[in-house]
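Computed from a predicted model, the values in this text were never measured in an experiment. Numbered from 1 within each chain, the chains take letters A, B, ... in sequence-line order.
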Amino acid sequence: MIIFIVGPTAVGKSHIALELAHCLQGEIVSCDAMQVYRQITIASDKPDNKTLQSIPHHLIDVVSIEEEFNVASYRVLAERAILDIIRRGKIAVVCGGSGMYMAALLDGIFEGGTVDPVIRQRLEAEAKDDLRRLYQRLTEVDPASAQKIKSNDPQRIIRALEIFDATGVPISILQQQRSGLWGKQDMRLIALNRPRHELYSRVEARIDEMFKRGLIEEVKAVRQKKMTTTVSKLIGIPEVSGFLDGQHTIEQAQYLMKLHTRHYVKRQLTWFRRDTRLEWIDLVQTSTAQHTATIIKDLLHERKSSHCVG
RNA sequence: GCCGAGAUAGCUCAGUUGGUAGAGCGAAGGACUGAAAAUCCUUGCGUCCCCGGUUCGAACCCGGGUCUUGGCA
């Protein structure tokens, strides 16, 4: 049995997942694109050591910030961890807010999409020089993708072309082949939400807390190393770096982190709302993790429906 | 108190030689298949401070008022 607990940042997923794991004899599998990095602890809001010791956690601290890591790497490791938990007769509680990582587990990703650093570097340079020409080439080589991808979306244009250049096959053809755990395993997908203003004030409180816990020191340490592009864009690193480099004040860094996290929360909700397989639970200020966990347990014995925790 | 500047979208402002207005930011919604905490898309009727005047017509011109702001006292 697999239970997914997903939702936007700061909704309260971790506590609820922990509570569930405790009472169901489960193990937690993180579904978070940033908690995989060993050196990013405060900025990624990892569970504390005491929590990590009380219940087995997987997919946390699995790579260094200098190593490339992406959905594909995550998919392999997370699926392995989940199947192993099930094999041992326990329940896997998959918890996190990275929608694309969740999708990779549920629906899989296509095979043969390995990133070729040389090709990518070349395309990145070309994109910087003349994105329109790259897009033009995409329309010739892979019209189906060109129709889906906007002409000013460098990331996707580069991705589509790097696959074509490496394999000679349009990415739109390869993408048709995918298969994940959905339909193969017994699972329930629980999505948590809260009133928007509550979500935002929790985000702000969390970021203030990060600074108190030493976020600046963490970013300083991380800057000593050669981190990947992915890590360099994690919320907190560019903003605090801007402060360290004297581009803005610490207050502005905090403001920007809060702003960027609010935007991120919105994108997370957009992603999850689209997936009709999710069962939503609306939390309010007074909802405790224990109470919500109880409701989820009850839900496991019922048919799908939506619930409100008073 | 005197002289000047300003008052336009939640915020910062632009603008119309008079024909009832538009950018950026924010906000909201959306997309998403190996960077995803990424990358991108969509959405702006708002007493153009108030009252009067001129005019076919004023947010724009004129007069008065209120408030904000700079300088001088």
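- A:Ser98 and A:Asp32 form no side-chain donor-acceptor contact under 3.5 Å, judged by distance and modelled atom types alone.
- A heavy atom lying under 4.0 Å from RNA chain B marks the following residues of residues 95-107 of chain A, by number: A:Ser98, A:Met100, A:Tyr101.
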Problem set entry | Nucleotide-level pairing of RNA chain B, given in dot-bracket where Watson-Crick and G-U pairs need both distances under 3.5 Å and | marks other strands | (((((((..((((.....[..)))).(((((.......))))).....(((((..]....)))))))))))).
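- Remark: the separation of the C1' atoms in B:rG26 and B:rG10 is 7 Å, to the nearest Å.
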Identify the pairs formed between an N or O of the protein and an N or O of nucleotides 10-13 of chain B at a distance under 3.5 Å, and give each distance.
none

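- Interface residues of residues 139-149 of chain A facing RNA chain B, ordered by number: none; criterion, heavy-atom separation under 4.0 Å.
- Of the residues in residues 195-229 of chain A, A:Arg196, A:Tyr200, A:Thr229 come within less than 4.0 Å of RNA chain B through at least one heavy atom, sorted by number.
- Heavy-atom nearest nucleotides on RNA chain B were determined for A:Thr114 and for A:His263, and the one closer to the 5' end corresponds to A:His263.
- No hydrogens or angles were tested; on distance alone, a donor-acceptor pair under 3.5 Å links the side chain of A:Arg156 to the base of B:rA38.
- Nucleotides B:rU43 and B:rG34 are separated by 28 Å at their P atoms, to the nearest Å.
- Judged purely by distance below 3.5 Å, without hydrogens or angles, the side chains of A:Lys184 and A:Ser179 pair a donor atom with an acceptor atom.
- Taking for each of A:Gly108 and A:Arg267 the nucleotide of RNA chain B with the nearest heavy atom, the 5'-most of the two is the partner of A:Gly108.
- The side chain to side chain contact (heavy atoms under 4.5 Å, CB included) search around A:Lys225 returns A:Gln39, A:Ile65, A:Glu66, not counting sequence neighbours.
- The distance between atom CZ of A:Arg75 and atom C1' of B:rU33, rounded to the nearest whole Å, is 10 Å.
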